[in-house]
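Hydrogens, waters and symmetry mates are skipped; everything else that's a heavy atom, side chains included, is used. Just so you know, ligand 1 is whichever comes first in the structure, and atom 1 is the first atom listed for that ligand.
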Amino acid sequence: MAVFLGLVLRQWLGEGAIIITAGLLSCFLAFLLIESRNFGLGLFERQVKEVRSNYVQMEALIGVHATLKPSAPLPPTRFWAASPDLLRELITHIQRHRPRSVLEVSSGTSTVVIGLCLKQLGAGRVVALEHDPHYAGITRQAIIDHGLEGIATVVDAPLKEQVVNGHSYPWYDLSALALGSPADLLVVDGPPDTIRSMARYPALPLLAGHLAKGARVLLDDGGRSDERSIAHRWAAENPGSVLEFLPLEAGAWSLRLP
Ligand SMILES: C[S@@+](CC[C@H](N)C(=O)[O-])C[C@H]1O[C@@H](n2cnc3c(N)ncnc32)[C@H](O)[C@@H]1O
């Protein structure tokens, strides 16, 4: 290509074409070198970030296992499930504040971890709402595998249209929910954000009647803009509450109700 360009230019410019072609070629090579260097640097930065992030999650996961000493393998963490750093945060909160009643919006690995923690402390129950019967079954089996019957319960709660502050949301049907005592800790990790914008907003307005005074609300995926809006809206609607962002892998919001 460069030789062809040189020959064409030579027709018009004579011997000067060699210098122009060589100059163009040098510019092109310099451009390629700079681009590949930038690409390599970007790749390296991403890899360093990923290695650091994996280390943080491994460290948290080791802490979770060392603290709870599960008698069966824990279900997977991360991706669809809570990340290890959120699970560690939950364990720390439960050990410090010893909630008697924990309510979860969605079920899975976190239900097992909370159940194990309550079992270790010798008091408390966790009830998880689950909209998907298939995953409700998987979590129920995990509860049995970890000997948590009587401590952890999954309640079938299909999503149904519900009106909250004049807007309609597909949200968990609460008709089968029966808590022994008002929840001191509410963990919100569903429904999936693909269902609707602000999909998790109804949790606090619709569950307020099931929460104890001064209850703590933990909202997972706090790094997402919807969850940020939801947390601030909850705080504004509950004057006297204290809102805090937890810088975890997926980010989380902690709201202490008055
Ligand atoms: C964001 S996930 C989080 C669930 C839970 N907080 C946890 O940490 O595992 C929410 C949904 O994932 C689904 N889920 C539960 N168990 C699952 C599994 N084993 N595999 C894939 N999805 C699952 C359930 O429908 C659940 O409501």
Provide the number and element of each atom of ligand 1 under 4.0 Å from a heavy atom of Asp189.
1 (C), 3 (C), 4 (C), 5 (C), 6 (N), 8 (O), 10 (C)
Can you check whether a protein heavy atom sits less than 4.0 angstrom from atom 11 (C) of ligand 1?
no
Are His134 and ligand 1 in contact, using a heavy-atom cut-off of under 4.0 Å?
no
Output the list of atoms in ligand 1 that are nearer than 4.0 Å to some heavy atom of Ser107, sorted by atom number.
4 (C), 5 (C), 15 (C), 26 (C), 27 (O)
Would you say Gln95's side chain and Leu121's backbone share a donor-acceptor pair under 3.5 angstrom?
no
Where is the nearest protein heavy atom to atom 27 (O) of ligand 1: which residue, which atom, and how far?
Glu130 OE1, 2.9 Å
For the 3.5 Å polar cut-off, considering only N or O atoms, please tell me whether Ala82 and ligand 1 meet it.
yes
Sub-3.5 Å donor-acceptor pair from the side chain of Glu249 to the main-chain atoms of Ser83, do we have one?
no
Which residue owns the protein heavy atom closest to atom 13 (C) of ligand 1, what's the atom, and how far is it?
Tyr135 CD1, 3.7 Å
Show your reasoning for whether ring pair (Phe, Tyr, Trp, His ring centres under 6.0 Å) applies to His232 and Trp253.
CA-CA 9 Å; His232 282 99; Trp253 291 94; 5.1 Å; yes
Write down the atom of Asp173, the atom of Gln162, and the distance for their closest heavy-atom approach.
N-NE2, 3.9 Å
Under 4.0 Å from one or more heavy atoms of Thr109, ligand 1 contributes atoms 7 (C), 9 (O)
Polar proximity ligand 1 side, Tyr172 side, N/O cut 3.5 Å exclusive:
no
For atom 7 (C) of ligand 1, which candidate among Ala142, Gly137, Ser110 holds the nearest heavy atom?
Ser110
Salt bridge (charged side-chain N to carboxylate O under 4.0 Å, His left out) partners of Asp156, counting only residues at least two apart:
Arg140
Glu161 atom CD, over 12 foreign heavy atoms within 6.0 Å:
yes
Identity and separation of the nearest protein heavy atom to atom 2 (S) of ligand 1:
Trp80 O, 2.7 Å
Given Arg88, which partner from the list Leu90, Asp85, Ile91 fulfils the side-chain contact (heavy atoms from CB on, under 4.5 Å) test?
Asp85
Is a side-chain donor or acceptor of Asp184 paired with a backbone partner of Ser101 at a separation under 3.5 angstrom?
yes
